[in-house]
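Let me begin by presenting the structure, written as structure tokens, before commenting on it.
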Protein chains: 2
Amino acid sequence: MLTSQRKALILDRLRRNGQVIAKALADDLELSEDTIRRDLREMAAEKLLKRVHGGALPLAPDLPDFSARQAVSSEEKRRLGAYAASMIKSGQTVFLDGGTTNAEIARQLPKNLAVTIVTHSPTITGELEHHPLAEVILIGGKLYKHSMVATGAAAMVAIASIRADIFFLGITAIHPVHGFSTGDFEEAAIKRHIAQCSAETYVLATAEKLDAASPCQILPTKGVSGLIVPSDIPKESLTPYRNAGVPIFLA
Amino acid sequence: MLTSQRKALILDRLRRNGQVIAKALADDLELSEDTIRRDLREMAAEKLLKRVHGGALPLAPDLPDFSARQAVSSEEKRRLGAYAASMIKSGQTVFLDGGTTNAEIARQLPKNLAVTIVTHSPTITGELEHHPLAEVILIGGKLYKHSMVATGAAAMVAIASIRADIFFLGITAIHPVHGFSTGDFEEAAIKRHIAQCSAETYVLATAEKLDAASPCQILPTKGVSGLIVPSDIPKESLTPYRNAGVPIFLA
DNA sequence: CAGGAATTTGCACGAATATGCGTATATTTT
DNA sequence: AAAATATACGCATATTCGTGCAAATTCCTG
């Protein structure tokens with residue numbers, strides 16, 4: 001295990017538990033306490049934590065988890081999610097891609113809709129745990145930890161057996177010429193495959209994703225059934241996409 | 001192998017694993033560490049990764065994760081989980097069943113173990129999101145919402161392609177005569193199948209599960225490699241299981 | 001096609017980094 | 001005050017790193 005990775009882990013644990021204990025860390029990571037103490041000393045010097053006898057504490061006490069989560073999901077994303085959820089009809093099969101925006105769709109899915117939700121994101125399934133009517137199909141595969149989605153050959157095969165009515169595609173960038181893109185080749189391939197297995201594909205995009213391009217193209221600009229954007233986006237910044245033939249929905 | 005190809009491979013590996021180690025790359029690609037180090041140096045200059053001593057990390061890996069994790073697991077379950085985690089050796093493939101007890105294993109998995117964790121529980125994957133070395137394979141299928149595990153034919157097929165060294169089986173009841181059981185027929189079938197695909201099967205059981213029976217048997221009493229129970233359980237209540245030939249471990 | 005320039009790779013070696021141990025010191029607990 | 005625990009420092013050792021250099025390969029150009 002890399003040293004900087006270990007320090008990141010200590011910080012993570014500090015955020016989670018509100019404290020770390022030198023002895024416990026040494027135990028857990030199977031390293032000498034000296035090493036841990038050295039880490040803590042250095043991180044304290046970098047003002048990353050507060051060193052105390054026996055371990056370390058966060059510099060500023062953390063906010064409770066729930067308020068923080070509310071904060072990261074912006075009002076903008078909630079509006080997009082609500083709009084997308086309203087497009088879903090009872091009886092349909094919906095493929096939900098990973099990502100925080102699509103998690104909003106799952107969270108706001110009307111409780112009286114009897115739908116089938118397919119996803120390769122375990123995070124999304126968590127959002128649907130308490131939905132009374134949704135039937136959830138989980139696509140398995142090798143897990144990409146940074147985006148928490150299943151990938152690889154197993155995922156591709158499982159996806160091939162699905163026919164979805166709607167696919168809500170998660171992307172990192174949209175560009176009038178370069179289309180819809182994301183940062184990872186493997187993920188792009190998976191997403192493209194899902195789109196091919198779905199009758200319609202919609203993209204939810206917040207303002208900062210417009211007119212940007214990431215390394216790996218998923219679909220060309222006109223490859224989707226619609227683009228859902230916040231209603232407060234300037235009209236003129238949408239015209240390139242309108243001209244490219246993409247139906248646009250304002251949420 | 002072309003240089004640019006190699007660099008792409010390094011990036012890919014970085015995305016997949018969340019880290020790369022210079023030494024390991026040199027070994028795998030059969031190149032000198034110098035070459036790898038040069039690559040990493042150059043890619044760091046191009047802002048493609050973050051160079052650290054020993055290897056490299058993604059640029060912005062660990063945003064604070066505010067997932068609510070008020071671990072309300074009993075001390076008893078934590079002890080069982082810790083014991084089970086200590087049985088796992090680096091390099092092994094471990095199948096983790098769903099359930100709160102098995103979640104404890106995932107949570108307490110030593111951070112320096114390079115293991116492959118297979119699971120059909122999206123909840124378990126969440127516990128492993130920040131493990132630096134664990135490779136996570138998610139088994140997909142139709143999701144049982146009450147226990148949050150993937151089930152059905154798709155899950156059965158996916159499981160059949162796995163060979164695990166250890167399977168930690170989650171159960172709801174153990175009985176000297178009726179064996180290991182759970183409340184759902186489908187789940188029982190899945191669990192039995194996983195056990196068949198694993199070299200060893202262990203069961204973690206808290207006191208209240210002993211001497212009880214649920215409708216659907218998973219395995220007979222002697223069908224497992226070991227039973228892990230809290231050390232404060234009365235010795236005499238374990239003798240029926242000892243007599244049935246089940247190795248017992250006290251955690 | 002010949003020959004020089006640029007790139008790539010591996011090796012040597014001193015410098016930097018990481019880790020564990022022993023020992024002395026500081027802090028907390030009893 | 002004594003015991004237990006935690007800490008800091010110096011030192012030894014093992015990796016890992018960066019640089020200079022040379023050999024091999026590829027590319028370019030006349």
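Protein chains get the first letters and strands the later ones, always in sequence-line order, with residue 1 at the start of each.
- Following rounding to the nearest Å, R51(A) (CZ) and dA26(C) (P) show an atom-to-atom distance of 16 Å.
- At whole-Å resolution of the value, CG in D27(A) and P in dA6(D) are 11 Å apart.
- Between the CD atom of E42(A) and the C1' atom of dT7(D) there is a distance of 15 Å, rounded to whole Å.
- As a whole-Å value, the separation of Q5(B) CD from dT7(C) P is 20 Å.
- Judged by atom type and distance alone, R38(B) does not reach the base of dG18(D) through any side-chain donor-acceptor pair under 3.5 Å.
- The side chain of R37(A) has dT7(D) as its nearest neighbour among dG18(D), dT7(D), dG10(C).
- A donor-acceptor pair under 3.5 Å is absent between the side-chain atoms of Q92(B) and the main chain of V115(B), judged by distance alone.
- Taking every side-chain heavy atom of A22(B) into account, dC17(D) is the closest of dG10(D), dC17(D), dT16(D).
- The CD-P distance, from E33(A) to dG22(C), rounds to 14 Å in whole Å.
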Practice item. Quick one: do F95(A) and N102(A) satisfy side-chain contact (heavy atoms from CB on, under 4.5 Å)? Show the steps, please. Key: CA-CA 10 Å; F95(A) 204 117; N102(A) 282 335; over 6 Å; no
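- The base of dA12(C) sits within donor-acceptor range of the side chain of D34(B), with an N or O pair under 3.5 Å.
- Between L31(A) and H53(A), the residue whose closest nucleotide on DNA chain C is further toward the 5' end is L31(A).
- A salt bridge between K23(B) and D27(B) is present, with a side-chain N of the basic residue lying under 4.0 Å from a carboxylate O of the acidic one.
- One can place CG of L25(B) at 14 Å from C1' of dT16(D), the figure rounded to the nearest angstrom.
- In the set dT19(C), dT9(C), dT16(D), dT9(C) carries the atom at the smallest distance from any side-chain atom of R6(B).
- Salt bridge status for E76(B) with R79(B): absent, with no side-chain N to carboxylate O gap under 4.0 Å.
- When the side-chain nitrogen and oxygen atoms of T3(A) are compared with OP1 and OP2 of dT19(C), one or more of them lie within a distance under 4.0 Å.
- Residue T35(A) places none of its side-chain N or O atoms closer than 4.0 Å to OP1 or OP2 of dT19(C).
- One distance of note links CZ of R78(B) with CD1 of I105(B); it measures 14.5 Å at 0.5 Å rounding.
- What separates CZ of R41(A) from P of dT17(C) is a distance of 16 Å, to the nearest Å.
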